[in-house]
Amino acid sequence: MRDSVRRNMPLFPMGIVTKLTELTPRQIRYYEEQGLIKPARTKGNQRLFSFNDVDRLLEIKALMEKGVNIAGVKEVLSRPKAPLSEPVQPLAESESRRDLSEEELHRLLKRQLNELPVRPGQQHLIQGELSRFFH
DNA sequence: CTTCTGACA
DNA sequence: TGTCAGGA
């Protein structure tokens with residue numbers, strides 16, 4: 001249970017995360033407002049997302065692409081220790097939480113990094129930022 | 001140049 | 001959600 005420290009380590013700034021998740025900064029900031037994620041901040045108030053934050057964001061994205069609204073995402077993606085009282089079955093079918101293993105997550109991120117179009121001028125920033133994760 | 005907050009023609 | 005302003 002020592003990986004949690006690394007997965008919760010504040011590492012990537014907004015730019016990296018938007019490319020990784022394919023979400024807009026607006027959306028990411030909004031999700032934070034909704035309490036879905038709590039990225040750390042630098043001394044300059046810049047957000048620093050952890051591996052877990054990105055994971056979380058990907059789940060949120062997946063959920064919303066399925067037509068789940070913020071309220072729904074909040075319920076489904078219930079906090080680290082939120083006691084799920086009773087009414088937590090708004091979805092009409094069997095979509096249970098998807099526990100991504102670290103390998104799956106790494107593979108997913110690698111795939112996305114390769115699919116992302118490379119802009120002329122600021123290409124492989126991501127590779128450098130994430131290299132430490134791909135042992 | 002990148003990101004941040006607040007606001008809405 | 002997009003986008004612009006004004007600042008850091």
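Per chain, numbering begins at 1; letters A, B, ... match sequence-line order.
- Heavy atoms of Gly44(A) sit nowhere under 4.0 angstrom from any nucleic acid atom.
- Residue Glu32(A) contributes atom CD, which lies 7 Å from atom P of dT5(B) at whole-angstrom precision.
- One atom, CD1 of Ile28(A), and another, P of dT2(B), lie 15 Å apart when rounded to the nearest Å.
- Per the geometry, CG belonging to Asn45(A) stands 6 Å off C1' belonging to dC4(B), to the nearest Å.
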Completion exercise
Base-pair string, DNA chain B, Watson-Crick plus G-U, cut-off 3.5 Å on both distances, | for inter-strand, is .|.|||||.
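- When all heavy atoms of Arg56(A) and Leu36(A) are compared, the closest pair comes out as NE-O, 2.8 Å.
- With a 4.5 Å cut-off on side-chain heavy atoms, Pro13(A) and Gln46(A) do not count as touching.
- Val73(A) places none of its side-chain heavy atoms less than 4.5 Å from the side chain of Tyr31(A).
- Partners of Arg29(A) under the salt bridge (Lys or Arg N to Asp or Glu O under 4.0 Å) rule, at least two apart in sequence or in another chain, do not exist in this structure.
- In terms of phosphate contacts, Arg47(A) brings no side-chain nitrogen or oxygen within less than 4.0 Å of OP1 or OP2 of dT3(B).
- Side-chain atoms of Asp53(A) come within 3.5 Å of backbone atoms of Ser50(A) as a donor-acceptor pair (strictly under, hydrogens ignored).
- Between the P atom of dT3(B) and the CD1 atom of Ile16(A) lies a distance of 8 Å, rounded to the nearest Å.
- Lys38(A) is not listed as a side-chain neighbour of Glu32(A), based on a closest heavy-atom distance of 4.5 Å or more.
- In this structure, Leu11(A) and Ile16(A) have side chains that are not in contact, with every pair of non-hydrogen atoms separated by 4.5 Å or more.
- Going from atom CD of Glu33(A) over to atom C1' of dT5(B) covers 9 Å, rounded to whole Å.
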Handout entry: Letter per nucleotide, 5' to 3', of nucleotides 1-6 of chain C [B base touched, S only sugar-phosphate touched, - untouched; heavy atoms, 4.0 Å]
Key = BBB---
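- In this structure, Leu63(A) and Ile60(A) have side chains that are not in contact, with every pair of non-hydrogen atoms separated by 4.5 Å or more.
- When atom types are taken as modelled, the side chain of Lys61(A) and the backbone of Thr21(A) share a donor-acceptor pair closer than 3.5 angstrom.
- Regarding Phe49(A), its CZ atom lies at a distance of 7 Å from the P atom of dC4(B), rounded to whole Å.
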